Amino acid sequence: MPAIMPAITPAVPRNLLLASLSAADLDLLQPNLGPVTLALRQVLEKPDKRVDAAYFPDEGFASVVAAQPRGAQVEVGLVGREGMTGLAIVLGNDSSPHSTYVQAAGRGQRISAIELRRALQDSASLHGSLLKYVQVFMVQAAHTAIANARAKLDERLARWILMAHDRLDGPSLPLTHEFLSLMLGVRRAGVTEALHVLVRQKLILSARGAIVVLDRKGVERRAGDAYGVPEKEFRRLLG
(Lines give C-alpha, C1' and ligand atoms only; values in the text may rest on other atoms or scores of the structure.)
Protein backbone atom coordinates (compact mmCIF):
# COMPACT_ATOMS: atom_id res chain seq x y z
CA MET A 1 0.00 0.00 0.00
CA PRO A 2 1.57 3.35 -0.98
CA ALA A 3 2.36 5.80 1.78
CA ILE A 4 -0.15 8.58 2.21
CA MET A 5 1.52 11.91 1.54
CA PRO A 6 0.68 14.64 4.06
CA ALA A 7 -1.20 17.64 2.77
CA ILE A 8 1.04 20.57 1.98
CA THR A 9 0.06 23.60 4.03
CA PRO A 10 0.98 26.94 2.46
CA ALA A 11 3.57 28.80 4.47
CA VAL A 12 2.24 31.69 6.54
CA PRO A 13 3.75 34.92 5.21
CA ARG A 14 6.37 36.53 7.44
CA ASN A 15 4.92 39.92 6.62
CA LEU A 16 2.23 40.51 9.23
CA LEU A 17 -0.05 42.50 6.96
CA LEU A 18 -0.07 39.72 4.37
CA ALA A 19 -0.57 37.15 7.14
CA SER A 20 -3.64 39.06 8.36
CA LEU A 21 -5.43 38.75 5.02
CA SER A 22 -8.14 36.19 4.33
CA ALA A 23 -7.07 33.17 2.30
CA ALA A 24 -9.07 34.42 -0.69
CA ASP A 25 -7.46 37.88 -0.63
CA LEU A 26 -3.98 36.44 -0.17
CA ASP A 27 -4.61 34.17 -3.15
CA LEU A 28 -5.39 37.25 -5.24
CA LEU A 29 -1.99 38.75 -4.45
CA GLN A 30 0.33 35.77 -4.26
CA PRO A 31 0.61 34.94 -7.99
CA ASN A 32 1.97 38.45 -8.53
CA LEU A 33 4.16 38.73 -5.42
CA GLY A 34 7.84 38.15 -6.07
CA PRO A 35 10.66 37.80 -3.53
CA VAL A 36 13.14 40.67 -3.44
CA THR A 37 16.26 41.63 -1.56
CA LEU A 38 15.98 45.05 0.07
CA ALA A 39 19.45 46.58 -0.02
CA LEU A 40 20.63 49.29 2.36
CA ARG A 41 19.70 52.77 1.01
CA GLN A 42 17.69 51.24 -1.84
CA VAL A 43 15.15 53.81 -3.01
CA LEU A 44 11.62 52.38 -3.14
CA GLU A 45 9.75 55.62 -3.88
CA LYS A 46 10.89 59.05 -5.08
CA PRO A 47 9.07 62.31 -4.31
CA ASP A 48 6.36 63.20 -6.84
CA LYS A 49 7.33 60.28 -9.09
CA ARG A 50 5.02 57.48 -10.17
CA VAL A 51 5.03 54.57 -7.71
CA ASP A 52 5.79 51.48 -9.80
CA ALA A 53 5.46 48.84 -7.10
CA ALA A 54 4.52 48.12 -3.51
CA TYR A 55 6.80 46.23 -1.12
CA PHE A 56 5.83 44.03 1.82
CA PRO A 57 9.00 43.67 3.94
CA ASP A 58 9.71 40.35 5.64
CA GLU A 59 12.96 41.57 7.23
CA GLY A 60 14.50 44.98 7.75
CA PHE A 61 12.61 48.23 7.35
CA ALA A 62 12.23 51.32 5.22
CA SER A 63 11.90 54.97 6.21
CA VAL A 64 9.33 57.34 4.78
CA VAL A 65 11.00 60.75 4.71
CA ALA A 66 9.50 64.20 4.14
CA ALA A 67 11.79 66.78 2.54
CA GLN A 68 11.53 70.56 2.47
CA PRO A 69 12.35 72.50 -0.71
CA ARG A 70 15.72 73.57 0.74
CA GLY A 71 16.71 69.97 1.36
CA ALA A 72 15.98 69.42 5.07
CA GLN A 73 14.71 65.88 5.68
CA VAL A 74 12.78 64.38 8.58
CA GLU A 75 11.45 60.86 8.89
CA VAL A 76 7.68 60.62 9.25
CA GLY A 77 7.34 56.86 9.57
CA LEU A 78 8.82 53.36 9.43
CA VAL A 79 7.61 50.42 7.37
CA GLY A 80 8.71 46.94 8.37
CA ARG A 81 7.21 43.47 8.46
CA GLU A 82 3.99 44.90 9.89
CA GLY A 83 3.09 46.72 6.70
CA MET A 84 3.75 47.83 3.15
CA THR A 85 4.97 50.68 0.99
CA GLY A 86 2.94 52.07 -1.90
CA LEU A 87 0.15 53.55 0.21
CA ALA A 88 -0.59 56.04 -2.57
CA ILE A 89 -1.74 53.09 -4.70
CA VAL A 90 -4.11 51.89 -1.98
CA LEU A 91 -5.52 55.41 -1.76
CA GLY A 92 -6.19 55.52 -5.50
CA ASN A 93 -3.23 57.73 -6.36
CA ASP A 94 0.06 57.09 -8.14
CA SER A 95 2.64 59.28 -6.35
CA SER A 96 3.61 60.89 -3.04
CA PRO A 97 5.64 63.97 -2.07
CA HIS A 98 7.70 61.77 0.26
CA SER A 99 10.65 59.50 -0.40
CA THR A 100 10.89 55.94 0.86
CA TYR A 101 14.17 54.06 1.13
CA VAL A 102 15.61 51.06 2.96
CA GLN A 103 17.30 51.86 6.28
CA ALA A 104 17.84 48.30 7.52
CA ALA A 105 18.55 45.74 4.80
CA GLY A 106 16.41 42.65 4.51
CA ARG A 107 14.04 40.78 2.25
CA GLY A 108 10.45 41.11 1.22
CA GLN A 109 7.78 40.66 -1.42
CA ARG A 110 7.15 43.00 -4.37
CA ILE A 111 4.02 43.50 -6.44
CA SER A 112 3.70 45.87 -9.38
CA ALA A 113 1.36 48.82 -9.06
CA ILE A 114 -0.69 47.53 -11.99
CA GLU A 115 -1.28 44.13 -10.39
CA LEU A 116 -2.03 45.62 -6.99
CA ARG A 117 -4.63 47.97 -8.48
CA ARG A 118 -6.21 45.02 -10.30
CA ALA A 119 -6.44 43.02 -7.08
CA LEU A 120 -7.92 45.98 -5.20
CA GLN A 121 -10.58 46.35 -7.89
CA ASP A 122 -11.40 42.64 -7.64
CA SER A 123 -11.78 42.54 -3.86
CA ALA A 124 -13.42 45.12 -1.62
CA SER A 125 -12.30 43.15 1.44
CA LEU A 126 -8.65 43.30 0.33
CA HIS A 127 -8.97 47.04 -0.21
CA GLY A 128 -10.53 47.38 3.23
CA SER A 129 -7.72 45.43 4.91
CA LEU A 130 -5.00 47.52 3.27
CA LEU A 131 -6.84 50.72 4.15
CA LYS A 132 -6.71 49.62 7.78
CA TYR A 133 -2.93 49.59 7.48
CA VAL A 134 -3.05 53.07 5.91
CA GLN A 135 -4.82 54.21 9.07
CA VAL A 136 -2.15 52.58 11.24
CA PHE A 137 0.57 54.39 9.30
CA MET A 138 -1.28 57.71 9.57
CA VAL A 139 -1.49 57.26 13.34
CA GLN A 140 2.25 56.51 13.43
CA ALA A 141 3.00 59.67 11.42
CA ALA A 142 0.78 61.75 13.72
CA HIS A 143 2.53 60.45 16.82
CA THR A 144 5.91 61.11 15.24
CA ALA A 145 4.81 64.73 14.89
CA ILE A 146 3.63 64.80 18.52
CA ALA A 147 6.91 63.30 19.72
CA ASN A 148 8.96 65.77 17.67
CA ALA A 149 6.97 68.68 19.12
CA ARG A 150 6.58 67.63 22.76
CA ALA A 151 8.95 64.85 23.82
CA LYS A 152 12.50 65.27 25.07
CA LEU A 153 15.21 64.10 22.71
CA ASP A 154 16.12 61.03 24.78
CA GLU A 155 12.41 60.06 24.87
CA ARG A 156 12.17 60.45 21.10
CA LEU A 157 15.33 58.38 20.69
CA ALA A 158 13.94 55.69 23.00
CA ARG A 159 10.74 55.62 20.93
CA TRP A 160 12.67 55.25 17.71
CA ILE A 161 14.86 52.46 19.13
CA LEU A 162 11.71 50.60 20.18
CA MET A 163 10.17 51.00 16.73
CA ALA A 164 13.33 49.67 15.08
CA HIS A 165 13.53 46.84 17.63
CA ASP A 166 9.92 45.86 16.82
CA ARG A 167 10.88 45.38 13.18
CA LEU A 168 14.21 43.55 13.52
CA ASP A 169 15.19 40.15 14.89
CA GLY A 170 17.50 40.24 17.88
CA PRO A 171 18.69 43.02 20.19
CA SER A 172 21.32 44.53 17.87
CA LEU A 173 20.14 47.40 15.67
CA PRO A 174 22.36 48.60 12.78
CA LEU A 175 21.91 52.32 13.49
CA THR A 176 24.62 54.97 13.11
CA HIS A 177 24.66 58.38 14.80
CA GLU A 178 24.45 60.02 11.38
CA PHE A 179 21.34 58.02 10.49
CA LEU A 180 19.66 58.74 13.83
CA SER A 181 20.44 62.44 13.40
CA LEU A 182 18.59 62.46 10.08
CA MET A 183 15.67 60.40 11.36
CA LEU A 184 15.17 62.55 14.46
CA GLY A 185 15.81 65.83 12.67
CA VAL A 186 18.50 67.00 15.12
CA ARG A 187 22.24 67.61 15.09
CA ARG A 188 24.53 64.62 15.54
CA ALA A 189 25.88 65.99 18.82
CA GLY A 190 22.35 65.90 20.24
CA VAL A 191 21.94 62.25 19.25
CA THR A 192 25.27 61.39 20.89
CA GLU A 193 24.21 62.99 24.17
CA ALA A 194 20.79 61.30 24.11
CA LEU A 195 22.47 57.94 23.51
CA HIS A 196 24.78 58.58 26.47
CA VAL A 197 21.71 59.10 28.68
CA LEU A 198 20.36 55.66 27.76
CA VAL A 199 23.80 54.06 28.07
CA ARG A 200 24.32 55.51 31.56
CA GLN A 201 21.01 54.01 32.61
CA LYS A 202 22.20 50.64 31.24
CA LEU A 203 19.28 50.42 28.85
CA ILE A 204 21.41 50.08 25.70
CA LEU A 205 24.95 49.66 24.47
CA SER A 206 26.11 52.04 21.76
CA ALA A 207 28.88 50.76 19.50
CA ARG A 208 30.13 51.95 16.13
CA GLY A 209 27.30 51.46 13.64
CA ALA A 210 25.03 49.58 16.06
CA ILE A 211 22.87 49.89 19.16
CA VAL A 212 22.22 46.89 21.39
CA VAL A 213 19.04 46.86 23.48
CA LEU A 214 19.83 45.56 26.97
CA ASP A 215 16.61 46.40 28.81
CA ARG A 216 13.54 46.62 26.56
CA LYS A 217 11.16 47.43 29.43
CA GLY A 218 13.50 50.15 30.62
CA VAL A 219 13.61 51.72 27.15
CA GLU A 220 9.79 51.63 27.08
CA ARG A 221 9.67 53.47 30.41
CA ARG A 222 12.09 56.06 29.06
CA ALA A 223 9.97 56.59 25.93
CA GLY A 224 6.85 57.05 28.07
CA ASP A 225 3.76 58.21 26.20
CA ALA A 226 5.79 58.80 23.03
CA TYR A 227 5.58 55.07 22.24
CA GLY A 228 2.66 52.68 22.08
CA VAL A 229 -0.41 54.25 20.44
CA PRO A 230 0.38 53.27 16.81
CA GLU A 231 1.37 49.79 17.96
CA LYS A 232 -1.93 49.46 19.83
CA GLU A 233 -3.79 50.65 16.73
CA PHE A 234 -2.10 47.96 14.63
CA ARG A 235 -3.17 45.27 17.09
CA ARG A 236 -6.73 46.63 17.16
CA LEU A 237 -7.13 46.72 13.39
CA LEU A 238 -4.87 43.95 12.11
CA GLY A 239 -3.24 42.06 14.95
Side-chain angles (χ1 to χ4, degrees), residues 7-39 42-67 75-103 106-144 166-167 229-239:
I8 298 175
T9 303
V12 176
R14 290 199 63 192
N15 179 277
L16 300 180
L17 179 54
L18 290 177
S20 75
L21 300 177
S22 69
D25 285 340
L26 187 58
D27 285 345
L28 271 179
L29 294 180
Q30 279 196 315
N32 299 301
L33 285 169
V36 290
T37 298
L38 301 174
Q42 178 181 346
V43 177
L44 305 181
E45 296 179 19
K46 295 181 179 180
D48 302 314
K49 301 294 184 182
R50 181 179 294 275
V51 178
D52 294 325
Y55 295 81
F56 295 82
D58 296 326
E59 304 167 354
F61 59 80
S63 292
V64 180
V65 177
E75 183 188 67
V76 295
L78 288 181
V79 178
R81 58 190 169 200
E82 84 294 344
M84 64 179 291
T85 69
L87 301 191
I89 302 169
V90 180
L91 292 170
N93 207 330
D94 61 3
S95 67
S96 165
H98 304 322
S99 62
T100 302
Y101 51 91
V102 177
Q103 290 289 15
R107 299 179 182 275
Q109 303 290 319
R110 179 188 184 277
I111 185 171
S112 72
I114 293 173
E115 295 298 343
L116 178 56
R117 287 192 185 96
R118 185 173 295 144
L120 294 173
Q121 290 169 357
D122 288 343
S123 173
S125 61
L126 172 63
H127 199 184
S129 294
L130 299 190
L131 283 173
K132 287 180 181 179
Y133 175 70
V134 173
Q135 178 168 331
V136 171
F137 186 84
M138 290 173 62
V139 171
Q140 183 195 146
H143 279 262
T144 296
D166 289 340
R167 291 162 174 82
V229 174
E231 292 72 23
K232 182 179 179 181
E233 189 73 346
F234 178 87
R235 292 191 296 270
R236 182 178 76 86
L237 292 174
L238 296 164

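Worth knowing before you read on, the calculation uses all heavy atoms, side chains too, and leaves out hydrogens, waters and symmetry mates. Computed from a predicted model, the values in this text were never measured in an experiment.
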Just by distance, do the side chain of Ser63 and the backbone of Val65 share a donor-acceptor pair under 3.5 Å?
no
Looking at Ser123 and Ala119, would you say the former's side chain and the latter's main chain have a donor-acceptor pair under 3.5 Å?
no
Between Tyr133 and Met84, is there a side-chain heavy-atom distance shorter than 4.5 Å?
yes
Taking the side chain as everything from C-beta on, heavy atoms only, tell me whether Gln109 gets closer than 4.5 Å to Tyr55.
no
As a quick check of understanding, evaluate side-chain hydrogen bond (donor to acceptor under 3.5 Å, both in side chains) for Asp48 and Ser95, giving each step before the final call.
CA-CA 5 Å; Asp48 302 314; Ser95 67; 5.3 Å; no
Is any side-chain heavy atom of Leu78 less than 4.5 Å from a side-chain heavy atom of Arg167?
yes
Would you mind telling me which of Leu130, Leu126, Asp122 makes a side chain to side chain contact (heavy atoms under 4.5 Å, CB included) with Asp25?
Leu126
Could you tell me whether the side chain of His127 and the main chain of Val90 form a donor-acceptor pair under 3.5 Å?
yes
Are Glu59 and Arg14 ion-paired here, with the side-chain N under 4.0 Å from a carboxylate O?
yes
Taking the side chain as every heavy atom from C-beta outward, state whether Phe234 and Leu16 have any pair of such atoms under 4.5 Å apart.
yes
Please determine if Asp94 and Arg50 form a salt bridge, counting it only when a charged side-chain N lies under 4.0 Å from a carboxylate O.
yes
Is a side-chain donor or acceptor of Asn93 paired with a backbone partner of Ala88 at a separation under 3.5 angstrom?
no
Only one of Val102, Thr100, Val51, Val64 passes side chain to side chain contact (heavy atoms under 4.5 Å, CB included) with Thr85; say which it is.
Thr100
Is the backbone N or O of Ser96 less than 3.5 Å from a side-chain atom of Glu45, with the two atoms forming a donor-acceptor pair by type?
no
Do any N or O atoms from the side chain of Gln140 and from the backbone of Phe137 form a donor-acceptor pair under 3.5 angstrom?
no
Just verifying a value: how many Å separate Phe56 CZ and Ile111 CD1, rounded to the nearest 0.5 Å?
6.5 Å
Within the distance-only criterion (no hydrogens, no angle test), does the side chain of Asn15 pair as donor or acceptor with the backbone N or O of Gly83 below 3.5 angstrom?
yes
